[in-house]
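Residue numbers start at 1 and run along the sequence shown. On a predicted model such as this, the values are computed, not experimentally measured, just so you know.
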Amino acid sequence: QQDSIRDEGNETEDNSMNKLRRKKVTKPHVCSTEVGEMDMSNSNDCMRDSSQILAPPQLSSRMKHIRQAMAKNRLQFVRFEATDLHGVSRSKSIPAHFFQEKVSHGVCMPRGYLEVIPNPKDSEMNRIRATCFNSDIVLMPEVSTFRVLPWADRTARVICDTFTVTGEPLLTSPRYIAKRQLSQLQASGFSLLSAFICDFTISFPASTFLNNHDQPFMQELVDGLYHTGANVESFSSSTRPGQMEICFLPEFGISSADNAFTLRTGVKEVARKYNYISSFFIETGFCNSGILSHSLWDVDRKKNMFCSTSGTEQLTITGKKWLAGLLKHSAALSCLMAPTVSCRKRYSKDSKDLKGSVPTTWGYNDNSCIFNIKCHGEKGTRIENKLGSATANPYLVLAATVAAGLDGLHSSNEVLAGPDESTDFYQAETSEIPLKLEDALVALEEDQCLRQALGETFIRYFVAMKKYELENEEIAAERNKFLEYFI
C-alpha cells in the first residue's frame with residue numbers, strides 16, 4: 001500500500017514534492033473524496049492503517065503487560081474514554097476483571113453522549129436520520145493508550161475509537177477524523193511532529209503574583225501527566241495570577257492530541273484534590289489560548305521538511321506551500337479552533353477597529369502573529385498555529401490544520417512565483433478571520449476543501465450544534481455554561 005511513497009529512506013525536499021505531484025495524478029486529492037452518511041468504502045482503509053492495528057502476537061504481549069499492571073496496582077476499574085464534539089472526555093467505567101472481554105467486544109454508549117447536540121428533529125437537522133442519533137455506539141479501546149491514572153484511586157484509563165453497532169467508524173468522531181487526515185498525510189509522503197501549548201486558570205488562595213503558582217499542585221499534575229504518557233516539556237505562569245501554561249513535548253501522529261485531551265481531565269481531577277477550581281476561561285470572559293506547534297517531516301521521520309539546508313532562517317518551498325494552505329483556509333479554521341463567542345474575543349482584543357473581521361497575520365519569530373514561524377532552538381523550524389483557544393477540541397485542531405496544509409501542498413505553484421521571500425508570501429491567497437461566530441460558521445460551510453476533508457456528516461452536525469447554541473445562549477449564560485462544562 002505504501003510502495004509508492006517509500007522509495008528511499010531519507011528523501012530530499014525536491015523528491016518529496018515530485019512524489020506529491022505524481023500522487024496527484026494517480027490518487028484523488030484529499031478534498032475530492034466522496035462524502036455523506038455512508039462514505040465508508042475509502043475511509044475505513046484510511047482509518048485502519050498499519051500503525052494503529054496490533055497483530056495478534058503484539059496484542060497478546062500488550063495484554064500481558066496490562067494484566068501485570070492491573071495486578072501490581074490492584075486496579076478495580078478501567079475507564080473507556082472518548083472525546084465528544086467539544087473535546088471533553090465522555091467515559092464508561094468497567095470492573096477491571098472484565099477488561100479483556102471488553103477489549104474484544106467494546107463498550108456501548110448512547111450516541112448522543114458524544115455528539116452533544118439538540119433534538120435531531122429540529123429544522124437544522126432534517127437531513128440527519130433520528131434513528132442514527134438515538135442509537136448506541138461502541139467504544140473500542142486502543143490498548144496502547146492504557147495507563148494507570150495517578151489522580152484516581154485504583155483506576156486506569158484507555159482512549160477509545162468510536163464505531164456504530166454495525167462496525168463502521170463514527171463519522172462525527174473527532175479522533176477518527178484526525179487519524180484519517182494523518183493517514184492522508186502519510187499517503188502523501190509526510191508525517192507530522194506536533195505539540196500543544198495550553199493555558200488554563202486555577203483559583204487558589206493568595207494568588208497575587210504572576211509567578212505565584214502552587215508548586216505541589218503543578219508537580220502532581222505534571223508527574224501525573226507523565227505517567228499517563230503525556231510528556232510535559234515545561235510549565236510556567238502566564239500573563240496573570242493563577243493562569244498557567246503547559247508545553248507538551250512534540251510527538252508524531254495522534255499522540256499530541258491525545259496529550260491535550262488527557263490534560264482536560266487531569267487538570268480538573270488534580271485541582272479538585274486541592275479544593276481548587278480549574279477553568280479554560282479567565283475572569284474577563286476571554287478564553288485561554290491553545291497553540292498547535294507543528295512541523296512537517298518525511299514519512300520516515302528523519303528530515304524536517306520546513307528546515308532549509310542553506311542554514312538561513314527561512315521556510316523551505318514545502319513549508320511555504322503548507323503555510324499558504326493555512327492562510328487560505330484561516331477563516332474556516334477559526335470556526336473549529338475558536339468555537340464559542342467568548343473565544344473569538346481574543347482576535348480583536350488589541351484592535352480598536354470595529355470591522356467584522358481581522359487580517360490573518362504571519363511572521364518569523366513574532367509572537368504577535370497568528371501563524372508564527374519559529375526558526376530557532378533545537379526543535380528546528382516549526383509553525384505555531386495560534387488561531388486556537390484552550391476550549392477547542394484538540395483532535396479537530398489537528399485534523400483541520402493537516403487538511404489545510406495538505407491543500408497548500410497540492411495547490412498550484414503561484415506561491416513560489418516571486419524571486420524573493422516577501423513576494424512569495426504576498427502572492428499566497430489569504431482569508432480574513434471573522435469576529436462573529438455566525439460569520440465563521442458561514443466560512444466553514446463554504447470551504448469545500450474542509451467540508452470534504454472533515455466529512456459532510458461532521459460539518460452538518462457541528463454547524464447545527466453551534467447554531468443551536470447561538471440561538472439559545474446569551475454571552476453571559478454561555479460563559480457560565482462552559483465554565484461549568486470545562487471545570
Side-chain angles (χ1 to χ4, degrees), residues 37-56 58-59 62-63 66 78-94 98-116 132 135-147 156-186 192 228-230 251-262 264-265 393-400 402 453-455 457-458 461-462:
E37 181 66 25
M38 299 301 293
D39 56 345
M40 301 313 306
S41 58
N42 295 327
S43 58
N44 279 346
D45 294 335
C46 293
M47 173 70 175
R48 302 173 186 273
D49 63 289
S50 59
S51 64
Q52 299 297 336
I53 298 178
L54 294 177
Q58 293 174 308
L59 180 60
R62 181 81 67 176
M63 289 304 300
I66 289 175
V78 180
R79 289 183 196 168
F80 281 53
E81 293 190 1
T83 176
D84 66 11
L85 288 178
H86 291 288
V88 175
S89 172
R90 297 286 183 163
S91 65
K92 268 197 171 182
S93 296
I94 64 166
F98 286 131
F99 179 73
Q100 187 161 355
E101 174 188 340
K102 298 301 182 182
V103 166
S104 301
H105 301 288
V107 174
C108 290
M109 173 183 285
R111 179 170 175 172
Y113 285 9
L114 296 181
E115 290 171 340
V116 198
C132 289
S135 65
D136 280 348
I137 51 94
V138 181
L139 306 181
M140 293 300 297
E142 190 171 299
V143 293
S144 62
T145 64
F146 180 93
R147 296 290 189 278
R157 79 94 202 265
V158 62
I159 298 177
C160 299
D161 291 312
T162 52
F163 295 83
T164 67
V165 292
T166 57
E168 300 163 345
L170 190 66
L171 299 184
T172 56
S173 166
R175 194 169 191 266
Y176 163 70
I177 293 169
K179 293 173 78 171
R180 186 174 62 185
Q181 286 304 302
L182 290 171
S183 294
Q184 293 281 0
L185 187 65
Q186 184 181 25
L192 191 76
T228 60
E251 297 191 46
F252 284 100
I254 199 71
S255 297
S256 62
D258 284 343
N259 293 343
F261 173 67
T262 300
R264 286 281 187 89
T265 303
N393 188 316
Y395 297 106
L396 296 181
V397 172
L398 187 70
V402 172
L454 305 183
T457 301
F458 165 77
Y461 268 88
F462 184 85

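- Listed for the Lys92 side chain is a donor-acceptor partner under 3.5 Å among the backbone atoms of Cys108.
- For Thr166, the side-chain contact (heavy atoms from CB on, under 4.5 Å) criterion is met by Thr164, Glu168, not counting sequence neighbours.
- Here the closest non-hydrogen pair linking Ile177 and Leu171 is CD1-O, 3.7 Å.
- Interatomic distance, CG of Asp258 versus OG of Ser256, reported as 8.0 Å (0.5 Å rounding).
- Counting only heavy atoms from C-beta outward, the side chains of Phe458 and Tyr176 never approach each other to under 4.5 Å.
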Could you please spell out the steps behind the side chain to side chain contact (heavy atoms under 4.5 Å, CB included) verdict for Phe146 and Val78?
-> CA-CA 9 Å; Phe146 180 93; Val78 180; 4.2 Å; yes

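- Shown here for Val103 and Met140, the closest heavy-atom pair between the two residues is O-CE, 3.6 Å.
- In this structure Phe252 satisfies the ring pair (Phe, Tyr, Trp, His ring centres under 6.0 Å) test together with Trp297, sequence neighbours excluded.
- The CZ atom of Phe261 lies 11.0 Å from the CD1 atom of Ile254; values are rounded to the nearest 0.5 Å.
- Applying the side-chain hydrogen bond (donor to acceptor under 3.5 Å, both in side chains) rule to Asn259 yields the partners Glu251; only residues at least two apart in sequence or on another chain are considered.
- Nearest heavy atoms, Cys160 versus Ala82: O-CB, 4.2 Å.
- No side-chain heavy atom of Ile66 sits less than 4.5 Å from a side-chain heavy atom of Gln100.
- When side chains are defined from C-beta on, Tyr113 does not count as touching Ile137, because their heavy atoms never get closer than 4.5 Å.
- Using a 4.5 Å cut-off on side-chain heavy atoms (C-beta onward), Leu182 and Leu192 make contact.
- Distance check, rounded to the nearest 0.5 Å: CD of Gln184 to CD of Gln186 gives 10.5 Å.
- At a threshold of 4.0 Å, the pair Arg62-Glu142 does not count as salt-bridged, since none of the basic side-chain nitrogens sits closer than that to a carboxylate oxygen.
- Shown here are the side-chain hydrogen bond (donor to acceptor under 3.5 Å, both in side chains) partners of Thr83, two or more places apart in sequence or in another chain: Asn393.
- Using a 4.5 Å heavy-atom threshold, the side chains of Val165 and Ser135 count as separate.
- Checking side-chain atoms of Arg111 against main-chain N and O of Val138 turns up no donor-acceptor pair under 3.5 Å.
- Taking Ala257 as the reference, Phe196, Pro394, Tyr395, Leu398 meet the side-chain contact (heavy atoms from CB on, under 4.5 Å) condition, with sequence neighbours excluded.
- Taking each heavy atom of Thr172 and Tyr461 in turn, the nearest pair found is CG2-CD1, 3.6 Å.
- Judged by distance alone, with hydrogens and angles left aside, the side-chain atoms of Thr228 form no donor-acceptor pair with the main-chain N or O of Arg147 at under 3.5 Å.
- Between the side chains of Ser93 and Arg157, no donor-acceptor pair is found at a separation under 3.5 Å.
- Side-chain contact check for Phe80 versus Pro141: some heavy-atom pair is nearer than 4.5 Å.
- We find that Asp161 and Arg175 are joined by a salt bridge, their nearest charged nitrogen and carboxylate oxygen being less than 4.0 Å apart.
- Applying the salt bridge (charged side-chain N to carboxylate O under 4.0 Å, His left out) rule to Arg79 yields the partners Glu81, Glu269; only residues at least two apart in sequence or on another chain are considered.
- Note: Asp84 CG to Thr162 OG1 = 11.0 Å, rounded to the nearest 0.5 Å.
- Rounded to the nearest 0.5 Å, atoms CG (Asp136) and CG (Leu139) are 10.0 Å apart.
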